[in-house]
Amino acid sequence: MSKLRESLERGLFTLTGEVGPPKGVDLKKSLREAAHIGDRVVAINVTDNQSSVMRAGSLGVCARLAQEGYEPVFQITCRDRNRLAIQSDVLSAYMLGIRNILALTGDHTSLGDHPGSKPVFDLDSVSLLMTLKSLMNGKDLVGQELEGAPSDIFAGATATPGAEPLGAQLIKMEKKVEAGARFFQTQAFYDPRIFESFINEASKFNVPVLAGVVIIKSAGMARYMNANVPGVSVPDSMIKRLAGVPRKERAKRSIELMAELIREIKPMCQGLHIMAMGWERYVPGLLDACDL
């Protein structure tokens with residue numbers, strides 16, 4: 001049983017983090033980021049060509065994290081693989097000792113650094129979860145018996161608290177639960193009231209929800225997210241508190257704001273998914289400020 005699964009099934013307040021693979025083969029930065037958060041989180045997600053930008057594969061980095069003693073969460077997007085490749089990667093991951101998988105549909109290739117590449121989207125996040133369930137039961141997607149089933153996969157999915165309309169997001173969550181999602185990690189949000197409305201409805205699914213926190217580094221980053229990230233809305237009050245802060249004081253102000261947010265939402269969720277975006281070195285201080 002994975003540590004992540006054990007923590008959530010025991011009802012413990014559970015922390016996860018995230019690192020991105022390099023655009024190349026030098027893993028020093030990714031491993032350094034993992035080292036900053038590794039003793040404070042139960043598991044570490046590895047992104048899969050995040051934002052449709054080509055990087056080293058999530059599977060390879062997950063394998064290296066496991067070798068270093070961390071518990072990885074293998075993120076799989078449906079954008080870049082057909083069902084043959086997805087099933088193959090799942091089996092390969094299992095053979096490498098990777099048990100946690102986060103199912104994602106993925107951003108369109110037109111948004112990334114290879115906009116001319118052909119998107120696949122043979123499956124989506126729901127059908128990917130159904131694929132994981134089939135493999136766990138010992139059969140591939142055409143019903144053929146496996147020579148050894150990956151029976152201990154712990155599958156998760158994502159949700160967007162700030163999505164509009166919320167009802168459509170809840171329908172997606174319900175489909176994901178029915179398809180086999182055992183936990184959710186949410187996209188970022190910055191208004192506790194939005195999260196409260198979301199969690200009041202999502203709690204009916206009886207599946208643990210880890211609230212996603214992207215650390216905002218500046219007012220400019222906040223404005224960019226408001227303009228370009230669907231379902232994310234950074235309040236003007238937060239932007240004003242970040243605006244005009246000298247560069248050397250930005251980290252301190254950002255961590256103060258994120259700590260305030262976390263302290264307010266902590267009673268509403270089963271854990272946190274911290275996305276530090278290169279600021280992993282500040283995560284221990286942020287968690288200390290929240291008594292976590």
Side-chain angles (χ1 to χ4, degrees), residues 2-8 10-22 26-47 50 58 61-62 64-75 100 102 156 158 183-190 192 195 208-219 221-222 225 232 234 238 241-242 245-292:
S2 75
K3 295 178 183 176
L4 177 58
R5 177 179 177 180
E6 181 180 12
S7 180
L8 289 173
R10 289 179 58 194
L12 302 178
F13 194 84
T14 301
L15 303 175
T16 57
E18 185 170 294
V19 300
D26 188 346
L27 269 177
K28 288 195 292 290
K29 182 173 183 289
S30 298
L31 293 177
R32 185 166 60 248
E33 291 173 351
H36 284 306
I37 63 175
D39 63 347
R40 302 298 295 269
V41 300
V42 174
I44 300 174
N45 287 38
V46 180
T47 58
Q50 186 175 11
S58 176
V61 178
C62 281
R64 278 298 309 274
L65 288 183
Q67 289 175 356
E68 297 291 328
Y70 305 113
E71 176 157 307
V73 178
F74 179 25
Q75 292 192 183
N100 307 307
L102 190 75
T158 61
F183 68 96
F184 284 93
Q185 293 173 328
T186 80
Q187 304 289 3
F189 61 90
Y190 297 95
F195 187 69
V209 173
L210 306 184
V213 178
V214 172
I215 298 177
I216 299 180
K217 302 178 183 180
S218 66
M221 178 179 174
M225 293 176 73
V232 174
V234 184
M238 187 174 286
R241 291 176 65 184
L242 288 167
V245 177
R247 181 176 295 272
K248 63 180 181 180
E249 296 179 16
R250 283 182 186 172
K252 181 175 182 293
R253 179 65 56 84
S254 295
I255 296 306
E256 287 174 355
L257 288 172
M258 296 303 102
E260 290 175 12
L261 174 66
I262 289 172
R263 285 194 291 266
E264 194 161 351
I265 64 173
K266 187 167 63 170
M268 307 180 200
C269 54
Q270 288 73 51
L272 301 171
H273 178 57
I274 307 291
M275 295 165 275
M277 311 285 285
W279 274 14
E280 286 75 15
R281 63 190 181 278
Y282 297 117
V283 170
L286 171 60
L287 297 178
D288 287 343
C290 303
D291 297 320
L292 293 170

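Treat the numbers as computed from the prediction; the structure is a model and nothing was measured. Every heavy atom of this structure was used, including side-chain atoms; hydrogens, water molecules and symmetry mates were not.
- For residues 261-282, no residue pair satisfies the salt bridge (Lys or Arg N to Asp or Glu O under 4.0 Å) rule, not counting sequence neighbours.
- Nearest heavy atoms, V283 versus A276: CG2-CB, 3.8 Å.
- Looking at heavy atoms from C-beta onward, R241 lies in side-chain contact with E260 at the 4.5 angstrom threshold.
- The backbone N or O of N45 sits nowhere less than 3.5 Å from a side-chain atom of Q75 that would complete a donor-acceptor pair.
- A heavy-atom distance below 4.5 Å is found between the side chains of I265 and L272.
- Distance check: T16 OG1 to L102 CG gives 9.0 Å after rounding to the nearest 0.5 Å.
- A 4.5 Å side-chain heavy-atom check between M258 and Y190 finds at least one atom pair inside the cut-off.
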Evaluate the side-chain contact (heavy atoms from CB on, under 4.5 Å) criterion for residues S254 and Y282: first the C-alpha distance (whole Å), next the side-chain angles of each, then the deciding distance (0.1 Å), finally the verdict. CA-CA 10 Å; S254 295; Y282 297 117; over 6 Å; no
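- Between the OG1 atom in T47 and the CZ atom in F74 there is a gap of 11.5 Å [rounded to 0.5 Å].
- When every heavy atom of V42 is checked against every heavy atom of S7, the shortest pair comes out as CG2-OG, 4.2 Å.
- Between G38 and Y70, the closest heavy-atom pair is CA-CE2, 3.7 Å.
- Atoms CG and CD, on L31 and Q67 in that order, are 9.5 Å from each other to the nearest 0.5 Å.
- Looking only at side-chain heavy atoms (C-beta outward), R40 and D288 come within less than 4.5 Å of each other.
- Across all non-hydrogen atoms, the minimal contact from E71 to S2 is OE2-CB, 3.3 Å.
- Between M275 and the options Q185, E18, Q50, a side chain to side chain contact (heavy atoms under 4.5 Å, CB included) holds for only E18.
- Residues A43 and L4 share a closest heavy-atom pair of CB-CB, 4.3 Å.
- The CD1 atom of I37 sits 4.5 Å away from the CD1 atom of I44 when rounded to the nearest 0.5 Å.
- With sequence neighbours excluded, no residue forms a salt bridge (Lys or Arg N to Asp or Glu O under 4.0 Å) with K3.
- Put simply, the side chain of F183 does not reach to within 4.5 Å of the side chain of Q270, judged on heavy atoms.
- In this structure the side chain of I216 reaches within 4.5 angstrom of the side chain of V234, judged on heavy atoms.
- Rounded to the nearest 0.5 Å, atoms CD1 (I274) and SG (C290) are 7.5 Å apart.
- Between V19 and V46, the closest side-chain pair of non-hydrogen atoms falls below 4.5 Å.
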Using side-chain contact (heavy atoms from CB on, under 4.5 Å), reason through M277 and I215 one step at a time and then give a plain yes or no. CA-CA 7 Å; M277 311 285 285; I215 298 177; over 6 Å; no
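- For S30 (side chain) and G20 (main-chain N/O), a donor-acceptor pair under 3.5 Å exists by modelled atom type.
- Residues L27 and P22 are in side-chain contact: their nearest non-hydrogen atoms beyond the backbone lie under 4.5 Å apart.
- Scanning all heavy atoms of the two residues, the minimum distance from A259 to L286 falls at N-CD1, 3.5 Å.
- In this structure, L242 CG and R253 CZ are separated by 7.5 Å, a value rounded to the nearest 0.5 Å.
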